[in-house]
Structures are given as C-alpha cells and as structure tokens.
Amino acid sequence: MGETYMENEEKREHECYENCGCAACAQEQGAHHHVHGHESGCGCAACHAVDDIFSENEEDEKKAQSEFRREVTFLAVAGAVFVPTLICEALFPDVAPEWLFNAVFAVLYLLTGVPVLKIALKALLRGDVFNEFTLMGGATLAALAIGEMSESVGVMLFYRLGEAFQERASSNSRRSIRALLAQKPMTARVVTEDGTVEKDPKEIVKGDVVRVMPGEIVPIDGRVVSGTSQIDMSAITGESMPVAVRRGSEVHGGTLSLDGLLTVEAAGPFEDSTIARMLEMVQNAVARKSPTERFITRFSKWYTPAVFFMASAVMLLPPLLGFGAWREWIYRGLVLLVISCPCALVISIPLGYFGGIGAASKNGILVKGANVFDAVGRVDTAVFDKTGTLTYGKFRLVKIVPAAGIEERTVLSAAALAENGSTHPVAKSITAAAADVSAPEGASITQLPGKGMLFKNEGDTIVAGNAALLSEFGVAAPAVAEHGTVVHVMKNGKYLGALVVADELRTDAAKTISELRMQGIKGVYMLTGDREETAADVAKELRLDGYRAELLPGDKVEALKELCGGDTKRTVYVGDGINDGPVLVTSETGIAMGGFGSQVAVEVADAVILDDSPSKVVGLLRIAKKTRAIVWENVFLALGVKLVFLIFGVAGLAGLWEAVFADVGVALMAILNSARATRIK
C-alpha cells in the first residue's frame, strides 16, 4: 500500500543524483530557479534544484495528497499490527509461539523496509555510501541478523512516518508558490489580407504587422505604421512618465499602450525583441548564481561518515581485543548507527524554515525557499527600484502655481475641462483632483500627443500642456521650479498658471528606510531608469545613501555591483518591473512587488511582497532572523541529545529502543519548537 510514495522517494533520490551527483545541481533541465529547495530523499545540498514547480497543476496536487493519505494509512495499519504484537511479545509471550511473533515482525519489516532498502542499494551501487537510506537499511538489517526483529520494524516505521510528513510540508510550500505565479498567455493580433489573426508572439517574423489596442501590451519590438498613443515604458526602462508615440516611432515589446490604437511593423522575430532579451538575461543570471549550501549538508559530510566508522570500531575492536562477546558489541554499534541517523535534523530543520515561510505568508510575504532566510540573515546592503517600489507608480496633483491675480480653483477647473478627454495618467490625476468638473455637451476636446490637450466650447479656448504647446498659441509659460511633471494652463490667450503632478512616494517608504538601518543595514540605495532630477529629489526626501538614475535594463546589474563594491552576496534588491529581473537574481536576495509587479520579476525573485508595501522588507528580515534562531536551537538540541545517547550507547546503557526513542523524541521536541516559527510577526 505504501509502495507508491516510496517509489516517488526513490525517483526523487535518483533524479537528484543524476542531476547533481549529490554535490552540485546541473543546470541543463528546464528553468533553473533562483532559490533551491531541499526535499527528503537524499542528503545532497542541491536536491530538487531543477524542479519546475510551475509545471505542476491541480491534478498533480491531488495525486500528491492521495499518495500522502495512502502512505499514512499504510503506516497506521502497520502500526496497529505492530504495537499489539510488540506488547504481547513483551508481556504475554505464552499466548503464541515465538516463531509466530517473528513471522509477524518479518512481514511488517518487508512491507515497511523494502522500499527504503531498494533506494539504499541503488545508492550503494553508485558509490553513495553515507546517506540516511544506507544508515537505516544497514542498521535494521544488522539488528535482524542478531535477532532484534521488533526493534528493526519500529525504527523503519518511525522513519517512514517522518519522511511522509516532511514531504507533505514541502509540497504545501511549493503549492503556495504555484498559486501566485500562474502564467497568463500573451497573444498578438497579426494583420493579414483576410483580417486580423491572433498568434503566439513567438510566431511573429520580421515585417509582420501587428495591431495593438488601447490598454494592451506591445508584443514585439517594431516601428509604428499608424496611430498615436501614450506608451507606459516603466516595466522596461523604469521611466515613470508615459512617452508619446506616433507614425515612425520605435516601440519595444513588453511596454503598454495606454490610450491609442497602434499598428506596428515587427522589426524582427520575437526572440530578438526587448522582452525576449530581458528573459534571456534573467536565465543567464540564474545559471550563474550558486545556491546557498545548508548547514546540515555541510555537517553531514563529516558527521555521518565519522559516526559510521565509530560504530564500526565499537562493533569490531572490543571483541577483537577480548573485551566482550561479539553480539554485545555489534548491538552497541547498531545503537550508535540508529542514534546517529540525522532524521531529527532532516525533519526539524526544514520544518523550522517552513514555519518561517508560513509566518511570512501570514504577513503578506511569499518566500520561495528556506535558503532565503539564510541569505537575508547576512545582508548589510539594501537596494530599491524607484517606480512602483518606493513610489506607487501613480500620479497625483501635488501643487497648483497660479499666475498673479488668479485663484487656484480657477486654474484647476480650466485644466480639468481640457483633460476630460484624455486617459493619460497625468490627466486622470488632474480630473480626480477637480472631482466635480465635467466638460459640457458639444465641447470639442483634442489630444495633442506629447504636448497636451486643447478644449473649445462656445468661443472659449483652453490649452493644458507643456510650455512648447502654449508657445504655439503665443503664450510664454514661465519656468516652474518644482519636482514633477508641469502642466501649464491657458484660457483665451491668457496664462492662468501651472499644475505640478508627481509620482507619489509610498506612505511607508521613509519609515522602511529608517527601520532597515535599525535592523543593521549599513547602506540603502536606489536604482532607476527615471530622470536624474526626479531620482535626486526622491533620494533626498528618503535620505538614501546613494542612487543611480537614467539606467537602461542592462545597466542595473553593473550599477548594483558598483554600489556593492563588486560583492553582491550581502545585498537585498527590491523591484517590480521586467527590467528588474536580471538584478533580482544577481543580488543575494531578490524581492519582487507582487501586487502589480511584472510576471518576470515575480517569477525570478526569492521572495514576493503581495501588497506592494516596502515595509514588508523589514518584516522579512525580522522573520528570517527569528526563524534562523529557532533552526539553530533545533540543531543544538538534536546534536546535544544525540551526543548524550551516543555516550550511553557505547557504555551499554542504551539499547535500540532507547536509541529510537531518543531520535524520535528529539524530532518531536524540535517539531514543537519549530511550530513557534509560524507565530512570528
């Protein structure tokens, strides 16, 4: 009944060896993600590094649940037979002949132990001697050989149960990641002689003409054949202000057409587009990034072989030197093997991390793996993207600068009348501020791409736009020394004043910077593709330690390395755009804004902030430090108790049952301690 589950364990262990040789993961298969998981099934550091968790679906999850239920049911039935038989053998040995008890234990051992022994044998044939399978298999077989059948079954039952619950915890973590990162297909409307046909962007070739509707993402790089629109390029360049495009303008794949219908001629195939190159940069950056090796894996490199040879010495040397019978010292050696099994560590360490992952989820932070906590615990430098991360990526009216003798309300009302006909983010912020102003019926409102708006009604003419637009109507607009986008307003040839619209800083941005320094972060910086003057104002207001502005996507990685002195292993980067993908994976820990962040940024980041609040970065650091403290408590608890019982075992004061109890008892205490991690806030 339990065969299916352990066959999966065998498959995972085998695949891990094939991919990484139990040393380092190969990176040939599929997408290699930034964070590497660690499942039970083998003792290697990079286990499951090439698992494509995004390929799993609801059917896979149901299958995993079914396998878990079958495994637990099987172990429960086996336990229901084992416990009464054990009690009868110990307390009522006369109720049945000894051979019957042994037969029951033998059958139970075969049912519970054969799957583990198969994996151990295959590991041995590959030369992988020191792993939990060979330890468990070898110790229980040797116990059978000296007649300790009941203890062999008990050890195997407890081991299988621990493995089942650990795998279940891992599966739950992967499922939460898959739920957030479900991919949405993107199509392109290709114009043909027979009409418009929807195609996969990868099928587009140079010269194809693509139609892009308002509110749609431009699928490929190309040149505008017809139409005008405002293009939001923030996901690619980080530029917060939309850019006006018209016939002859160049557009990039991955940008957003805000308010106009465009016809675009493809400049080349999809793989040559900006968005495709960005994805390639991300993949290359991931391939160069090494996983953080876990303590338990480094420790097991010497711990397991050391105890194995110590147990062998206990079995062989005393009887060879005439200090006792072979059976007695072989038994003591088996006790050492069972005690030394790293099950308590293998179970408690992941559960401690999973508890921290659960606590982070409750606080609106999705952490993709335990390695994130190790990495975050070491960082001393924080680097932020600007648009959509430290700012909302949305515009608001921050100031009205009226001309002499003009009231502020007059300037705002006139501008709102003209901006009524625009879907531009700046226009929306002005009309939202005016609230009760609406254009009368019959009014003529014209959008002048890249310049502003023209309003005409019953002899009145209102112009709202940049200084160049007003100059076309014979009005000289004065300079306005304010941070943000300036919209000048003119009515019937008279200058009324100006409105200043700016991307708003997030309310918790300044507090976040302050609390990061309290958490021990030595330097806080900003990288952005936005203009120098805008970046300088934001950096000054937030009291950052430095910034780099007007960066192209490929420049951010080098800028990050420059800020960190070439060493990014102690750096956390927070961003939300497609252009942040490469730098997210170059930093030791990449954090993406998940609410409105791009799919690329969310997919490659180590952690995702679900509500786009930068203050959650401070929360992640706090949770990571407390989680690591709990994990180290488990490590010292497990090793301390094992050391005591190892001494008792060598002295003959502990048998296999005591060894099993000590191992399982330590695991239980560690699990209860790990539960504290789920309540971290």
Side-chain angles (χ1 to χ4, degrees), residues 1-13 39-41 60-121 132-133 135-145 147-172 338 341 343-344 346-347 350-351 656-668 671-672:
M1 184 181 297
E3 196 68 17
T4 301
Y5 182 86
M6 288 308 295
E7 283 176 353
N8 287 339
E9 286 291 294
E10 178 182 353
K11 179 175 181 290
R12 279 190 292 269
E13 195 274 340
E39 305 288 342
S40 59
D60 297 323
E61 173 57 25
K62 289 180 179 178
K63 183 179 179 181
Q65 290 177 349
S66 177
E67 291 173 354
F68 174 74
R69 285 193 295 267
R70 283 199 300 271
E71 175 74 358
V72 172
T73 302
F74 163 70
L75 294 176
V77 172
V81 175
F82 171 70
V83 173
T85 306
L86 180 64
I87 293 174
C88 288
E89 182 192 39
L91 302 179
F92 311 104
D94 297 332
V95 300
E98 184 178 353
W99 66 265
L100 183 58
F101 288 119
N102 289 337
V104 173
F105 289 136
V107 171
L108 287 175
Y109 181 80
L110 289 174
L111 290 174
T112 58
V114 167
V116 177
L117 294 174
K118 286 171 60 180
I119 302 174
L121 178 60
E132 58 191 277
F133 298 105
L135 278 178
M136 280 296 175
T140 54
L141 285 175
L144 285 174
E148 302 294 342
M149 301 189 68
S150 61
E151 295 175 78
S152 297
V153 177
V155 170
M156 199 60 74
L157 272 173
F158 280 118
Y159 173 71
R160 288 278 296 272
L161 189 63
E163 287 290 287
F165 278 99
Q166 185 189 345
E167 169 60 23
R168 188 62 192 154
S170 301
S171 178
N172 289 339
V338 173
C341 180
C343 285
V346 169
I347 294 172
L351 286 181
L656 274 179
W657 275 115
E658 287 82 0
V660 172
F661 176 78
D663 193 40
V664 175
V666 169
L668 179 60
I671 289 170
L672 292 175

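Side-chain atoms are counted along with the backbone in the values below, which use heavy atoms only and exclude waters and symmetry mates.
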Minimal non-hydrogen separation, [X] against [Y], with atom names:
| X | Y | result |
| --- | --- | --- |
| Gly79 | Pro84 | O-CD, 4.1 Å |
| Phe101 | Cys88 | CE2-CB, 3.8 Å |
| Phe82 | Val153 | CD1-CG1, 3.6 Å |

Does a side-chain heavy-atom distance below 4.5 Å link Met149 with Tyr109?
->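 With C-beta onward as the side chain, the pair stays apart.
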If you round to the nearest 0.5 Å, how far is CD of Glu89 from CG of Leu100?
->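 Reported value, rounded in 0.5 Å steps: 10.5 Å.
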Test item: Arg160 side-chain N/O and Thr112 main-chain N/O as donor-acceptor pair under 3.5 Å =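 Judged by distance alone, yes, a pair lies under 3.5 Å.
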Applying side-chain contact (heavy atoms from CB on, under 4.5 Å) between Leu110 and each of Leu108, Val114, Val107, report the one that passes.
->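 For Leu110, the side-chain contact (heavy atoms from CB on, under 4.5 Å) check succeeds only for Val114.
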